[in-house]
Amino acid sequence: MITAMAEKHEKKTGLPHLEGSENGVVMRFAPNPSGPLHIGHARASALNDAYVKQCGGRYILRIEDTDPKRVDPEAYATVQEDIRWLGLGITEVVAQSERLPIYYDLCKQLIEKGGAYVCTCDNELFKELKDHKTACPCRDQPVAKSLELWQKMLDHGFKEGEASVRIRTDLNNPDPAMRDFPAFRILDTPPHPKVKAHVYPLMNFSVVADDHLLGVTHVIRGKDHIANTRRQRFIYDHFGWKVPVYRHYGRMGIEGVVLSTSQMRAGINAGTYTGWDDIHLGTLRALARRGIQPEAVKNAMIAIGIGDVDISFSWDNLYAENKKLVDPTANRYFFVPEPVEAKIEGAPAHTAHALLHPGDATRGSRTLEFTGSVLIPKAELVPGTAMLRLKDLFNVKIAWNGDTPSFSYGGASLADARAAKAHIVQWLPAQATVPCTLLTQEGIMSGACEPAVRSELGKVVQFERVAFVKIDAVGADGVRAYFTHK
RNA sequence: GCUGCUAUAGUGUAGUGGCCAAUCAUGUCGGCCUUUCACGCCGACGACUGGGGUUCGAAUCCCCAUAGCAGCACCA
């Protein structure tokens with residue numbers, strides 16, 4: 001009794017329980033190979049991944065390439081690269097184009113069972129009949145006739161659009177979407193890049209065949225598949241197979257980035273975007289380029305969960321997840337946007353030491369050699385400002401002649417700076433800087449940074465008082481960094 | 001039009017008849033700490049779509065309304 005009460009009010013940790021997951025699960029991620037993965041794919045793949053990790057089991061990557069129009073040969077590799085980046089626990093990989101004979105065989109079986117028939121009606125005519133709950137002439141032809149026509153399909157006896165296989169359902173089903181939906185069609189063009197074929201399964205058929213044959217127990221996918229799930233049940237029933245457990249999550253609106261593969265491709269070809277990792281795109285590689293960690297993406301997706309409500313994706317929440325990961329590890333450096341050179345009168349030469357990380361002195365420090373002139377951010381030089389504290393160095397007094405400042409040594413006392421409410425600002429020795437451009441989604445910020453930043457290529461660092469940034473390129477002309485988040 | 005799903009703070013989320021004058025995170029604002037406008041800490045703000053029922057009791061169950069979404073492709 002007491003334990004029951006305790007269980008009832010137990011706090012949930014992680015994802016909700018999936019019915020039938022006690023002895024492990026077999027799940028799958030099934031993208032089209034049409035381009036790199038984006039945030040939308042991240043939700044599907046991360047949720048399935050999390051359940052496999054939570055319950056134990058297998059995780060299948062299934063490339064759904066049964067529509068040659070939507071296959072980009074390069075995507076087979078890019079999808080797998082993206083999955084590796086995300087860190088998914090994929091245990092096996094299959095491509096549907098390699099399994100055509102399996103589908104053909106099952107189709108024949110299904111026709112023999114009377115669960116499907118070959119339809120040679122004009123598409124418009126069929127739609128018309130279907131909308132009026134009327135059977136097309138092919139529906140009642142003998143099984144032998146369907147089998148003969150099926151063989152004719154496979155033997156190239158029909159051209160594109162002349163014949164298809166339909167699943168027998170219930171023409172009186174109130175939902176028109178459920179009535180005798182197609183399972184196979186003929187496609188002559190374009191040729192499939194991976195396999196020579198003429199007859200292709202539609203997803204509802206190949207998905208059922210594969211889910212059954214591969215032993216898939218649980219399916220988590222978007223609610224745009226709810227109707228497909230209902231259609232797929234007809235096929236399961238015809239075969240007498242066990243149906244997996246399904247869960248359909250709601251739509252996720254994502255603002256601020258481009259997600260449509262065709263739009264991205266067009267933009268890249270037109271030169272609007274620099275590539276699939278352009279920071280204006282919603283691809284995983286674009287996130288990676290901006291310094292978003294794969295763990296942050298997964299955590300954000302798991303936090304969103306599998307609710308069936310439509311939601312809007314929050315960049316803030318993603319950034320917060322990322323900051324948790326990056327803040328403890330990112331080294332700190334000075335970056336001076338719009339640098340202004342200031343010659344400081346009366347200041348003694350001094351070697352400044354600044355910690356690489358304020359919370360961990362053992363990580364060491366950078367040394368900045370002051371010999372008379374510094375670069376400071378233009379934004380700090382608001383006329384009337386009397387004092388600034390150069391962080392880890394000393395105070396600077398500013399005298400104003402109209403809008404023209406002149407600088408002099410203001411002592412080393414931090415207490416003085418505090419008393420004067422002086423800003424503590426980042427700076428660079430004028431003789432030891434590297435040009436640095438900081439790219440944000442809004443535009444370019446140019447400035448200068450510490451030479452040591454060049455050793456952080458590929459890493460996320462914090463430009464103090466500015467932002468976390470990803471060091472994207474280091475060259476003779478300086479450093480290029482991408483804005484990650486504040 | 002037909003079929004179906006959903007509705008908790010700005011955003012995401014917990015909640016399955018009494019623990020809920022509603023959880024956590026994020027966000028915004030204020031404060032503390034601090035040689036970063038970061039991190040950390042403290043505090044504040046902020047929601048059960050509306051209306052009917054059922055019940056001793058409803059965010060939770062039912063009905064209606066409203067709103068949003070999905071599907072009705074020889075795409076996945």
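Any value given below was found using the heavy atoms of this structure, including those in side chains, with hydrogens, waters and symmetry copies removed. Each chain gets a letter, A, B and so on, in the order the sequences are listed, and its residues count up from 1.
Within the cation-pi definition used here (under 6.0 Å to the ring centroid, within 45° of the axis), A:Lys194 qualifies as a partner of A:Tyr76. A cation-pi contact, defined as under 6.0 Å to the ring centre and within 45° of the axis, links A:Arg166 to A:Phe126.
Using modelled atom types, no side-chain atom of A:Thr66 and backbone atom of A:Leu202 make a donor-acceptor pair closer than 3.5 Å. Judged by distance alone, with hydrogens and angles left aside, the side-chain atoms of A:Tyr200 form no donor-acceptor pair with the main-chain N or O of A:Ser97 at under 3.5 Å.
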Measure all distances between protein nitrogen or oxygen atoms and nitrogen or oxygen atoms of nucleotides 45-50 of chain B, and list the pairs falling under 3.5 Å.
none

Name the pairs: protein N/O against N/O of nucleotides 73-76 of chain B, kept only if under 3.5 Å.
residue	atom	partner	partner atom	Å
B:A73	OP2	A:Lys127	NZ	3.3
B:A73	OP2	A:Lys130	NZ	3.4
B:C74	N4	A:Gly161	O	2.9
B:C75	OP2	A:Arg185	NE	2.4
B:C75	OP2	A:Arg185	NH2	2.4
B:C75	O2'	A:Asp67	OD2	3.1
B:C75	O2'	A:Arg70	NE	3.4
B:C75	O2	A:Arg70	NH1	2.7
B:A76	OP1	A:Thr66	OG1	2.7
B:A76	OP1	A:Arg185	NH2	3.4
B:A76	OP2	A:Met203	N	2.9
B:A76	O3'	A:Glu64	OE1	2.5
B:A76	O2'	A:Asn32	OD1	2.7
B:A76	N6	A:Asn228	OD1	3.4
B:A76	N6	A:Asn228	ND2	2.9

With the criterion being N/O to N/O and under 3.5 Å, what pairs connect the protein with nucleotides 1-3 of chain B, and how long is each?
residue	atom	partner	partner atom	Å
B:C2	O2'	A:Pro174	O	2.9
B:U3	O2'	A:Asp175	OD2	3.3
B:U3	O2'	A:Arg230	NH2	3.4

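Note on ring orientation: taking the six-membered ring where Trp is involved, the planes of A:Trp315 and A:Tyr319 are tilted (angle from 30° to 60°). Taking the six-membered ring where tryptophan is involved, the planes of A:Phe184 and A:Trp150 are perpendicular, since the angle between them exceeds 60° and thus also 30°.
Ionic pairing of A:Glu295 and A:Lys298 is present here: one or more N-O contacts between side-chain nitrogen and carboxylate oxygen are shorter than 4.0 angstrom.
Taking atom CG of residue A:Leu15 and atom P of nucleotide B:A25, one finds them 19 Å apart after rounding to whole Å. Separating the CD atom of A:Glu255 from the C1' atom of B:G12 is a distance of 15 Å, rounded to the nearest angstrom. B:U6 atom C1' lies 9 Å from atom CD1 of A:Ile226, rounded to whole Å. Protein atom CZ of A:Arg221 is 13 Å distant from nucleotide atom C1' of B:A70, rounded to whole Å. Rounding to whole angstrom units, OH of residue A:Tyr319 and P of B:U11 are separated by 18 Å. Summarising the geometry, the separation between CG on A:Asp308 and C1' on B:G12 is reported as 15 Å, rounded to the nearest angstrom. Between A:Tyr249 atom OH and B:G4 atom P the separation is 24 Å, expressed in whole Å. A:Lys133 has its NZ atom 13 Å from the C1' atom of B:C72, to the nearest Å.
When the ring pair (Phe, Tyr, Trp, His ring centres under 6.0 Å) test is applied to A:Phe335, the partners found at least two apart in sequence or on another chain are A:Phe463. Judged as a ring pair (Phe, Tyr, Trp, His ring centres under 6.0 Å), and not counting sequence neighbours, the contacts of A:Phe394 are A:Phe370, A:Tyr409. Residues forming a side chain to side chain contact (heavy atoms under 4.5 Å, CB included) with A:Leu129 (at least two apart in sequence, or on another chain): A:Leu125, A:Thr134, A:Cys136, A:Pro137. With sequence neighbours left out, A:Asn395 forms a side chain to side chain contact (heavy atoms under 4.5 Å, CB included) with A:Met387, A:Arg389, A:Asp416, A:Ala417. Take A:Lys133 and apply the side chain to side chain contact (heavy atoms under 4.5 Å, CB included) test, not counting sequence neighbours, and it matches A:Asn172, A:Arg179. Annotation: side chain to side chain contact (heavy atoms under 4.5 Å, CB included) contacts of A:Asp210 (sequence neighbours excluded): A:Arg62, A:Gln96, A:Arg99, A:Tyr103, A:Leu214.
B:A44 and B:A58: their C1' atoms are spaced 30 Å apart (whole Å). With both ends at atom C1', the span from B:A70 to B:C63 equals 24 Å, rounded to whole Å. Here, B:U34 and B:A9 have their C1' atoms 32 Å apart, quoted to the whole Å. For B:G12 and B:C72, the C1' atoms lie 32 Å apart once the distance is rounded to whole Å. For the P atoms, the distance linking B:U13 with B:A76 amounts to 30 Å, nearest Å. One P atom belongs to B:G43, the other to B:G51, and the distance between them is 34 Å to the nearest Å. Comparing the C1' positions of B:C61 and B:G68 gives an interatomic distance of 23 Å, to the nearest angstrom. Across the P atoms, B:G40 and B:C62 are found 42 Å apart, a figure rounded to whole Å.
Counting only Watson-Crick and G-U wobble pairs whose two key distances fall under 3.5 Å, RNA chain B forms stems of three or more stacked pairs at B:1-7 with B:66-72, B:10-12 with B:24-26, B:27-32 with B:40-45, B:49-53 with B:61-65.
Nearest nucleotide to the A:Ala320 side chain, out of B:G12, B:U26, B:G71: B:U26.
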**Prompt:** Which letter, B, S or -, goes with each nucleotide of nucleotides 34-44 of chain B from 5' to 3', with contact meaning a protein heavy atom under 4.0 Å?
**Reply:** -BBBBS-----

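Every pair passing salt bridge (Lys or Arg N to Asp or Glu O under 4.0 Å) that includes a residue from residues 243-266 of chain A is listed here, sequence neighbours excluded: A:Asp72-A:Arg265.
Proximity of A:Pro191 to A:Lys196: side-chain heavy atoms (C-beta onward) are nowhere separated by under 4.5 Å. A heavy-atom distance below 4.5 Å is not found between the side chains of A:Val340 and A:Glu380. In this structure the side chain of A:Phe313 never reaches within 4.5 angstrom of the side chain of A:Arg43, judged on heavy atoms.
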